[in-house]
Amino acid sequence: MSNSQNIPFLDLIGLHTELEGELIPVFQKALKTAGFIGGPMVEDFENDFARFCDAKHCVGVASGTDAVLFALMAAGVRPGDVVVTVPHTFIATTEAISQSGARVAFVDIDKQTYCMDPFKLQEYLERECCLDREINRLIHRKWDAPVTAVIPVHIYGQPADMDAILELARRYNLIVIEDACQAHGAEYFSKMGNRWRKAGSMGRAAAFSFYPGKNLGACGEAGAVTTNDEAIAQKIRMLRDHGQSRKYYHEMEGYNGRLDSIQAGILHTKLRHLAEWNLKRRQAAVRYNELLSEFSAKLVLPCEPSWSRGIYHLYVVRTEKRDELQQYLTRAGIGTGVHYPVPVHLQKPYRMMGYKEGDFPVTEKVAAQVLSLPMFPALSLAQQDRVVKEIAQFARATESTPSVQPIANG
Ligand SMILES: Cc1ncc(COP(=O)(O)O)c(C=O)c1O
């Protein structure tokens, strides 16, 4: 591969060109039947995606954001409740909490997995909340509000440490909603269950996004909730469809939050490839790890604990010279991303909650240092070699700079 060839951060055009022959019949089928909303294309995808996630039910919705919102509402979170999540996520997680009428509370992430730190969660629940034994509910001391749910985010496709989180949820009577929007097919080894469990099968319900760039992406907006709870699935089927139990009979006010059938058909077609795509991403991640290991004094590589089989939605490294490295790679024609540059607690809409810099030090440090390298199933060995070569050149060019200090893994 010549140096002049650009390497995209994500090659969505190549993927769709390759699948054109499989995807066009989906559109043709929808056109011929005019079955644009609901119907067998949606149901077939829902059934197979539930199976893929080892969950009993899947309900297709219009986006991952709706999936988080509907999961919270259907699981029983009410306006005025407190829902605990992490500040290292895409803002949709907290938007959905606010849209449900609940209040967002944050706990910091683990410095190696970048997911919710169960010790910080425990500390938060013990320090900021007290258990009202009469009603068996956790009450937030300062806000005098019930703390009813927790949303661990399987960020970058790596599962959060679910055993520890589920145990705390059991102890404090909390609903667990997995934000699996980046984790289609990720697995977690549960010591409690002595088996690997799929993202989307562990909480009371889980939210998935099928935004086009996701490991399983639509050709537009789409999302889904998976759950083992029939009542939750039923409620979400109504919430997504204006609260209807049958046409024009409304049990409640709901939303226009349906998954349309063309997107469902596309997702169903792509689902057949997902396991192989995830495997290719994992192989690319292993190879990046090997090739980049010689720079581990300057570059913190992704850490996968023994209980995790991530699906590398993103391959994320950390360096103190993140901005310089990103600029260098951009000049070399290599696409990268920053997920995410500003932690959610420091974003404008949450300023009125009084958060400030220093409140969540791990998240803040991670946000200042993360860089997502090119990662997609068709990433070739030559493309990877070139990414690594450019990083090596950058490392050499900055070697003599005194400010470049090895980063301890923390
Ligand atoms: C962690 C997380 N949660 C929620 C969402 C929201 O999904 P959507 O964009 O489909 O609404 C996303 C999407 O990027 C996400 O990454």
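We count ligands from 1, going down the list as the structure has it; atoms in each ligand are counted the same way. Keep in mind that the numbers below use all heavy atoms, side chains included, and drop hydrogens, waters and symmetry copies. Since this is a predicted model, take the numbers as computed values, not measurements.
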Centroid-centroid under 6.0 Å between Tyr312 and Tyr288 rings: no

Ligand 1 to Ser209 polar contact by distance, N or O atoms, under 3.5 Å: yes

Closest approach of any protein heavy atom to atom 11 (O) of ligand 1, naming residue and atom: Thr65 OG1, 2.5 Å

Matching residue for Glu46 among Arg237, Arg240, Lys56 - test: salt bridge (charged side-chain N to carboxylate O under 4.0 Å, His left out): Arg240

The one among Ala96, Pro212, Cys181 that brings a heavy atom closest to atom 2 (C) of ligand 1: Cys181

Check: Phe36 main-chain N/O paired with Ser261 side-chain donor or acceptor under 3.5 Å: yes

More than 12 heavy atoms of other groups within 6.0 Å of Arg322 CZ: yes

Geometric cation-pi criterion Lys198 and Phe52, 6.0 Å radius, 45° cone: yes

Ring center gap for Tyr355 and Phe360 short of 6.0 angstrom: yes

Polar contact flag for Gln182 and ligand 1 (N/O pairs, less than 3.5 Å): yes

Ring centre gap for His154 and Tyr114 strictly below 6.0 Å: no

Polar atom proximity, Tyr211 to ligand 1 (N or O, under 3.5 Å): no

Atoms of ligand 1, numbered as shown, that sit under 4.0 Å from any heavy atom of Ala92: 4 (C), 5 (C), 6 (C)

Per-atom contacts of ligand 1 with Thr89, taking only distances under 4.0 Å to non-hydrogen atoms: 1 (C)

Contact (N/O only, under 3.5 Å) between Phe90 and ligand 1: no

Atoms in ligand 1 flagged as close to Thr93, the criterion being non-hydrogen separation under 4.0 Å: 3 (N)

4.0 Å heavy-atom contact, His154 with ligand 1: no

Residue Glu18 excluded, over 12 heavy atoms near CD under 6.0 Å: no

For atom 13 (C) of ligand 1, the protein heavy atom that lies nearest, with its residue and separation: Lys214 NZ, 3.0 Å

Proximity of Val153 to ligand 1 by residue part, where a heavy atom lies under 4.0 Å: side chain

Asp241/Arg258 ion pair, N-O < 4.0 Å: yes

Contact partition for Asp179 relative to ligand 1, non-hydrogen atoms under 4.0 Å: side chain

